[in-house]
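Structure, as structure tokens:
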Number of protein chains: 2
Amino acid sequence: MVSVLVIDDEEDIRDILIYNLKKEGFNAYAAENGEKGMELLKSVHPDLVLLDVMMPGMDGIEVCEAIRNLPGLERTLICFLTARSEDYSQIAGLDAGADDYVSKPIKPKVLISRIKAMLRRKGMVEPEEKSADGRLVINRDKYLVERNGEVMHLPRKEFELLALLASRPGHVFERDVILEKVWGTDIVVGDRTIDVHVRKLREKIGEGMIKTIKGIGYKFVEQLS
Amino acid sequence: MVSVLVIDDEEDIRDILIYNLKKEGFNAYAAENGEKGMELLKSVHPDLVLLDVMMPGMDGIEVCEAIRNLPGLERTLICFLTARSEDYSQIAGLDAGADDYVSKPIKPKVLISRIKAMLRRKGMVEPEEKSADGRLVINRDKYLVERNGEVMHLPRKEFELLALLASRPGHVFERDVILEKVWGTDIVVGDRTIDVHVRKLREKIGEGMIKTIKGIGYKFVEQLS
DNA sequence: TTGTATCCATGTATATTTCATAAATTCGCT
DNA sequence: AGCGAATTTATGAAATATACATGGATACAA
């Protein structure tokens with residue numbers, strides 16, 4: 001099930017969001033400030049964080065940047081909650097790595113709709129109908145990858161590698177970046193390990209999907225319109 | 001280059017959006033109603049459509065759904081422009097397949113920021129370093145060089161060399177500076193190595209781009225804008 | 001056992017560098 | 001200026017180095 005963490009210092013807001021999120025079938029958690037939010041984040045690993053910008057202590061921007069630097073949470077969705085006038089926050093927030101933002105006062109129906117749109121973009125909820133054009137749908141929730149309606153299970157490392165590459169089609173991930181994001185900074189593995197995992201991925205999802213950029217790294221192919 | 005189509009019935013809005021989009025380096029097109037927008041869509045295949053919801057004739061929702069059903073345009077980004085109060089439109093718009101929406105009155109900086117966030121999510125653009133030069137775009141994110149819409153891949157040393165020269169068009173880089181920046185201080189290579197790489201670059205990106213300053217080094221030609 | 005992850009040895013493609021020679025430019029001299 | 005010599009860069013081809021793909025081996029755990 002998709003889980004959502006709300007970080008906001010106003011109790012009323014937390015309550016109303018939790019209520020609506022649960023009503024929609026999400027797992028909902030709340031924290032009243034950035035520090036407590038970070039604690040919860042490390043234990044529950046939510047799929048989405050709703051993050052108030054203006055908070056005492058760590059503000060939303062700081063929390064957002066901290067999340068982006070936490071290993072394993074780089075792909076957590078982040079949505080800012082901003083007061084109507086805070087244009088600067090909007091820009092800074094998106095640049096800080098947020099995926100979206102919603103202006104206060106928050107209308108629950110709008111928020112839910114935006115959340116669903118975000119999840120859909122990440123392939124985290126089943127889209128009703130999918131195009132049979134060979135595109136991949138990556139379901140992080142279940143460690144499944146779907147291609148043309150056919151689902152396949154991938155081992156953890158292969159899945160993480162694929163999810164990383166596919167998160168930004170066209171972007172070239174350098175080998176050391178891949179090592180850091182998929183294996184972590186502390187683990188030491190040989191250079192050939194990446195190749196081997198790429199090979200297995202290619203065997204499973206098809207040859208054309210992952211391209212080698214010699215001397216640099218790998219990329220997931222862009223869509224050809 | 002990323003191209004954007006604006007569909008809005010208000011001329012003022014169209015003008016201001018076109019102006020700002022072009023200033024940011026996008027290819028910008030405009031249409032004054034849904035029908036004309038659809039015509040343009042089929043010919044220019046834009047990457048992103050900015051779509052007014054309330055329009056005489058086809059409204060934004062209808063256009064959005066029509067776009068999603070056009071072969072080849074399923075993945076075109078769609079961003080709605082909505083009046084502040086139209087909550088229903090917001091929800092319907094996102095459900096109709098829009099990727100985002102921006103409320104009027106539109107603040108150009110906010111809009112541009114949102115556009116970039118959308119493109120980034122699709123991996124379509126990287127704001128990093130490009131030479132503001134119309135003819136050659138160096139995309140470090142994708143390790144690609146684009147010339148007149150045609151993309152090419154360069155090997156590592158050639159790419160780094162080109163990126164260095166193009167980072168300051170008109171500036172003459174001395175040979176030892178090039179060696180230091182591209183090859184590093186510890187590596188020792190013969191002097192002819194630079195020439196050979198320059199030659200390969202010229203073969204690939206065209207003869208006129210890199211000029212030799214005999215006895216000193218090389219420079220990337222300045223643009224005559 | 002089966003599935004997963006890593007490593008190793010080898011082959012192969014390609015990137016990079018070197019080299020010999022030609023062409024271009026600069027310099028020194030009258 | 002003109003002319004040849006010296007210096008510097010361009011060019012073609014070949015040699016070397018590097019990075020990746022691949023098949024298979026190993027280790028370990030469920």
Side-chain angles (χ1 to χ4, degrees), chain A residues 71-72 140 142-145 151-165 172-221, chain B residues 140 143-145 152-165 172-221:
Chain A
R140 162 163 296 279
K142 300 178 181 158
Y143 272 89
L144 290 178
V145 175
V151 296
M152 67 187 88
H153 169 76
L154 295 180
R156 205 177 343 272
K157 285 281 192 285
E158 287 171 40
F159 184 89
E160 294 296 345
L161 175 57
L162 175 60
L164 175 66
L165 295 176
V172 176
F173 291 87
E174 297 155 44
R175 298 181 78 94
D176 45 2
V177 172
I178 294 175
L179 277 178
E180 183 190 322
K181 299 265 183 185
V182 177
W183 275 264
T185 43
D186 40 352
I187 308 292
V188 180
V189 291
D191 239 14
R192 297 299 108 236
T193 301
I194 296 181
D195 312 10
V196 175
H197 284 269
V198 168
R199 166 181 44 170
K200 298 202 142 192
L201 271 180
R202 292 209 252 234
E203 285 169 3
K204 289 172 184 168
I205 68 174
E207 289 293 317
M209 295 277 154
I210 299 173
K211 198 175 166 194
T212 305
I213 309 299
K214 197 167 163 135
I216 317 291
Y218 296 90
K219 76 171 177 181
F220 196 84
V221 292
Chain B
R140 171 160 244 107
Y143 271 93
L144 290 177
V145 176
M152 69 187 85
H153 170 76
L154 299 180
R156 186 182 196 150
K157 286 281 193 293
E158 287 169 40
F159 185 91
E160 296 297 342
L161 174 57
L162 175 61
L164 175 67
L165 295 177
V172 178
F173 290 87
E174 299 155 43
R175 299 180 80 94
D176 46 2
V177 173
I178 294 175
L179 277 178
E180 183 190 323
K181 298 263 185 187
V182 177
W183 275 265
T185 44
D186 41 351
I187 308 291
V188 180
V189 291
D191 241 14
R192 296 301 106 231
T193 300
I194 295 181
D195 311 10
V196 175
H197 282 270
V198 168
R199 165 181 42 167
K200 298 204 139 191
L201 273 180
R202 293 210 254 236
E203 285 169 2
K204 289 172 184 169
I205 68 173
E207 288 293 319
M209 296 274 156
I210 299 172
K211 200 175 167 191
T212 304
I213 310 300
K214 193 151 177 158
I216 315 288
Y218 296 90
K219 74 170 179 181
F220 195 84
V221 293

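Residue numbering restarts at 1 for every chain, and letters A, B, ... go by the order of the sequence lines.
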| Is atom CZ of Arg202(B) surrounded by more than 12 heavy atoms (other residues, nucleotides or ligands) closer than 6.0 Å? |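 It does: Arg202(B) CZ has more than 12 such atoms within range.
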| said: Looking at Lys211(A), I'd like to know if its NZ atom is crowded, meaning that more than 12 non-hydrogen atoms belonging to other residues, nucleotides or ligands lie closer than 6.0 Å. | reply: no
Testing the basics here: between [X] and [Y], what is the closest heavy-atom pair and its distance to 0.1 Å?
X         : Y         : value
Ile178(A) : Leu164(A) : CA-CD2, 4.2 Å
Arg156(B) : Gly215(A) : NH1-O, 2.7 Å
Val172(B) : Lys219(B) : CA-CB, 3.9 Å

| field | Ion pair check, Lys181(B) and Glu160(B), cut-off under 4.0 Å | value |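 Salt bridge flag = no for Glu160(B) with Lys181(B).
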[N] [atom2] sits how many Å from [X] [atom1], rounded?
X         : N       : atom1 : atom2 : answer
Ile213(A) : dT18(D) : CD1   : C1'   : 17 Å
Asp191(B) : dT16(C) : CG    : C1'   : 16 Å
Lys157(B) : dT18(D) : NZ    : P     : 10 Å
Ile216(B) : dT7(D)  : CD1   : P     : 16 Å
Lys211(A) : dC20(D) : NZ    : P     : 14 Å
Arg175(A) : dT18(D) : CZ    : P     : 15 Å
Leu201(B) : dA15(C) : CG    : P     : 13 Å
Phe173(A) : dC20(D) : CZ    : P     : 16 Å

Might you list the N or O atoms of the protein lying below 3.5 Å from N or O atoms in nucleotides 24-30 of chain D, with each pair's distance?
residue: dG24(D); atom: O6; partner: Arg199(A); partner atom: NH2; Å: 3.4

| task | Apply the test side-chain contact (heavy atoms from CB on, under 4.5 Å) to residues Phe220(A) and Met209(A): give CA-CA distance (whole Å), side-chain angles for both, the deciding distance (0.1 Å), then the verdict. | result | CA-CA 6 Å; Phe220(A) 196 84; Met209(A) 295 277 154; 3.8 Å; yes
Would you say [N] has OP1 or OP2 under 4.0 Å from some side-chain N or O of [X]?
X         : N       : value
Thr193(A) : dC7(C)  : yes
Thr212(B) : dA10(D) : yes
Tyr218(A) : dA19(D) : no
His197(A) : dA21(D) : no
Arg202(B) : dT11(D) : no
Trp183(A) : dT6(C)  : yes

| query | Do side-chain atoms of Arg175(A) reach the backbone of Asp191(A) as a donor and acceptor pair under 3.5 angstrom? | reply | yes
| request: Report the C-alpha separation of Val182(A) and Lys157(A) in whole Å, then their side-chain angles, then the decisive distance to 0.1 Å, and conclude whether the side-chain contact (heavy atoms from CB on, under 4.5 Å) test is met. | output: CA-CA 7 Å; Val182(A) 177; Lys157(A) 285 281 192 285; 4.0 Å; yes
Distances under 3.5 Å between protein N/O atoms and the N/O atoms of nucleotides 9-12 of chain C, please, pair by pair.
none

| said: Angle between the end axes of the helix from dT1(C)-dA30(D) to dT30(C)-dA1(D), five pairs per end, to the nearest 10 degrees? | reply: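 The angle separating the two end axes equals 30°.
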| request: Please step through side-chain contact (heavy atoms from CB on, under 4.5 Å) for the pair Leu154(A) and Leu201(A), ending with a clear verdict. | output: CA-CA 8 Å; Leu154(A) 295 180; Leu201(A) 271 180; 3.9 Å; yes
| query | Under 4.5 Å between any side-chain heavy atoms of Phe159(B) and Tyr143(B), yes or no? | reply | yes
| query | Do Leu179(B) and Thr193(B) pass the side-chain contact (heavy atoms from CB on, under 4.5 Å) test, and can you show the C-alpha distance, the side-chain angles, and the key distance before you say yes or no? | reply | CA-CA 9 Å; Leu179(B) 277 178; Thr193(B) 300; 6.0 Å; no
| field | Earlier contact from the 5' end, DNA chain C, for Lys204(A) and Val189(A) | value |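 The 5'-side residue here is Lys204(A).
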